[in-house]
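Numbering of ligands and ligand atoms starts at 1, following listing order.
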Amino acid sequence: MAENNQIWTIGRILKWTEDYFGQKGVESPRLDAEVLLSHVLGKQRIYLYVHFDEPLQAEELACYRAMIKQRIDRVPVAYILGEKEFMGLTFKVTPDTLVPRPDTEILVQAAVDRLKQWTDGTVRLADIGTGSGAICLSVLSMLDGVTADTVDISPAARAVAEENAATLGLSERVTFHTGDLLTPIREQQFTAILSNPPYIPEADIQELAPEVRCKEPMTALSGGRDGLDFYRRLCDEAPPMLSDDGFMAFEVGIHQAEDVARLAEASPLIVRTEILKDYAGIDRVVVAWRK
Ligand code: SAM
Ligand code: GLN
């Protein structure tokens, strides 16, 4: 950061950072500069706009500089802050967990809309590849009377999900497992089995933004040669674990929905599928019903 005798005010440092991020190829330079600075100051973003002339304290400046350095190294903003907002809740995230994406809110809302119809208080949910726990914990926070099991192959991700459950006051309603897909919960029955599995085709990995390709866990992203490896296993193994009127619902990558619906329909236990779009009009969620 260029040094001179001028005082670093909020307005001046934001402009400087926006330009610097822009030169370094950061995709949303102004937004990132604002989000990081408001975090350092412990204020809402709107505060920055009405305090453009306020000078930064030395410690605030030092802290902000360290964040700028990380962002230039393409560390995602959520990892720098250690948190990400999802479904209006704040989730702790670390480099061991995927940063929850807005698209995944479609899966959560789809599950909530469908689970609302169960009124007998015995709804059981499974979230496979839970990462930060974003999917499962959001559903639980919106629906009373639902309990859940989560599985992740990463013990470090499981620890983050457990911490998020505790922070959200949901620990008593969740059982966490470490293991491979459905293996740890094989003997159980569920009303709904949800998953946002790794689904990026191998050949597309190198096309991902450096923030994703270099900083997010590859075990969270790579879905094998055509990206469908996890859906093949889930569609084969999950249907017998659904209760009679239950469903499974998966987030899918672009152009994958029809293939995944076909994989689900290949199970003799699945009678009907739905495909739901995201905010950009892309097919994003496949729901498959046992009845
Ligand atoms: N559910 C979180 C979300 O939507 O933000 C994380 C989804 S991330 C795309 C996929 C997750 O699946 C990662 O946390 C990864 O560790 C986990 N995973 C990868 N392979 C797995 C396997 N064989 N069994 C269980 N979990 C697995
Ligand atoms: N949506 C993520 C991305 O585009 C991928 C997540 C996944 O593989 N499920 O980076």
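- Checked for salt-bridge contact, Arg74 and Glu27 miss the test: no charged N lies under 4.0 Å from a carboxylate O.
- A distance of 9.5 Å separates CG in Leu181 from CG in Asp152, rounded to the nearest 0.5 Å.
- Residue contact check: Asn196 has heavy atoms under 4.0 Å from atoms 3 (C), 4 (O), 7 (C), 8 (S), 9 (C), 10 (C) of ligand 1.
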Exercise for the section: Begin with the C-alpha distance, continue with both residues' side-chain angles, and end with the deciding distance and a verdict on salt bridge (Lys or Arg N to Asp or Glu O under 4.0 Å) for Lys15 and Asp19. Expected result: CA-CA 6 Å; Lys15 179 74 184 85; Asp19 292 347; 2.8 Å; yes
Handout entry: Check against side chain to side chain donor-acceptor pair (under 3.5 Å), Thr178 and Arg158
Key = CA-CA 7 Å; Thr178 304; Arg158 174 213 172 126; 3.1 Å; yes
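- Interface of Pro198 with ligand 2, defined as ligand atoms under 4.0 Å from a residue heavy atom, comprises 8 (O).
- In this structure, Ile193 CD1 and Leu182 CG are separated by 5.5 Å, a value rounded to the nearest 0.5 Å.
- Only backbone heavy atoms of Thr130 (N, CA, C or O) come within less than 4.0 Å of ligand 1; its side chain stays farther off.
- Looking at ligand 1, you'll find an N or O of Gly129 within less than 3.5 Å of one of its N or O atoms.
- Taking any N or O of Ile153, backbone or side chain, at least one lies under 3.5 Å from an N or O belonging to ligand 1.
- Taking a cut-off of under 4.0 Å to the non-hydrogen atoms of Gly179, the atoms of ligand 1 that pass are 24 (N), 25 (C).
- Interface of Asp180 with ligand 1, defined as ligand atoms under 4.0 Å from a residue heavy atom, comprises 22 (C), 23 (N), 24 (N).
- Side-chain contact, Thr167 with Asn164: no donor N or O sits under 3.5 Å from an acceptor N or O.
- Distance from atom 3 (C) of ligand 2 to its nearest protein heavy atom, with residue and atom name: Arg101 NH2, 3.7 Å.
- Set against the non-hydrogen atoms of Pro100, the atoms of ligand 1 under 4.0 Å away are 5 (O).
- Considering only heavy atoms from C-beta on, Val252 stays 4.5 Å or farther from Tyr199 through its side chain.
- No donor-acceptor contact under 3.5 angstrom links the side chains of Gln189 and Ser243, judged on distance only.
- When the options Thr219, Val151, Val93, Thr150 are ranked by their closest heavy atom to atom 19 (C) of ligand 1, first place goes to Thr219.
- Nearest protein neighbour of atom 1 (N) of ligand 2, counting heavy atoms only, is Tyr199 OH, 3.1 Å.
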Exercise for the section: Walk me through it: do Gln256 and Val286 pass the test side-chain contact (heavy atoms from CB on, under 4.5 Å)? Expected result: CA-CA 9 Å; Gln256 292 177 334; Val286 174; over 6 Å; no
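- Within the 4.0 Å heavy-atom shell around ligand 1 one does not find Ala157.
- Within ligand 1, the atoms closer than 4.0 Å to a non-hydrogen atom of Ile135 are 1 (N), 4 (O), numbered from 1 in the order shown.
- Residue Phe230 touches ligand 1 through its side chain alone, judged by heavy-atom distances below 4.0 Å.
- Using 4.0 Å as the threshold, Ala220 has a heavy atom nearer than that to some atom of ligand 2.
- A salt bridge is defined here as a Lys NZ or Arg NE, NH1 or NH2 lying under 4.0 Å from an Asp or Glu carboxylate O, and Glu207 with Arg213 fails to meet this definition.
- With a 4.0 Å heavy-atom cut-off, ligand 1 is reached by the backbone of Leu181 and by its side chain too.
- Ion pair Arg30/Glu18 flagged as a salt bridge, since at least one NZ, NE, NH1 or NH2 atom sits closer than 4.0 Å to an Asp/Glu carboxylate oxygen.
- Here the straight-line distance linking atom CD of Glu54 with atom NZ of Lys43 works out to 7.5 Å at 0.5 Å rounding.
- Taking 4.0 Å as the cut-off between side-chain N and carboxylate O, Arg233 and Asp236 do not count as a salt-bridged pair.
- When each atom of ligand 2 is checked for a heavy atom of Pro197 under 4.0 Å away, the hits are 7 (C), 8 (O), 9 (N).
- Contact annotation: for Ala220 versus ligand 1, heavy atoms closer than 4.0 Å belong to both the backbone and the side chain.
- Taking atom 4 (O) of ligand 2 as the reference point, the nearest protein heavy-atom neighbour is Ile200 CD1, 4.1 Å.
- Closest heavy-atom approach to atom 17 (C) of ligand 1 within the set Val99, Asp152, Asp127: this belongs to Asp152.
- If you number the atoms of ligand 1 from 1 as listed, the ones under 4.0 Å from a heavy atom of Thr104 come out as 4 (O).
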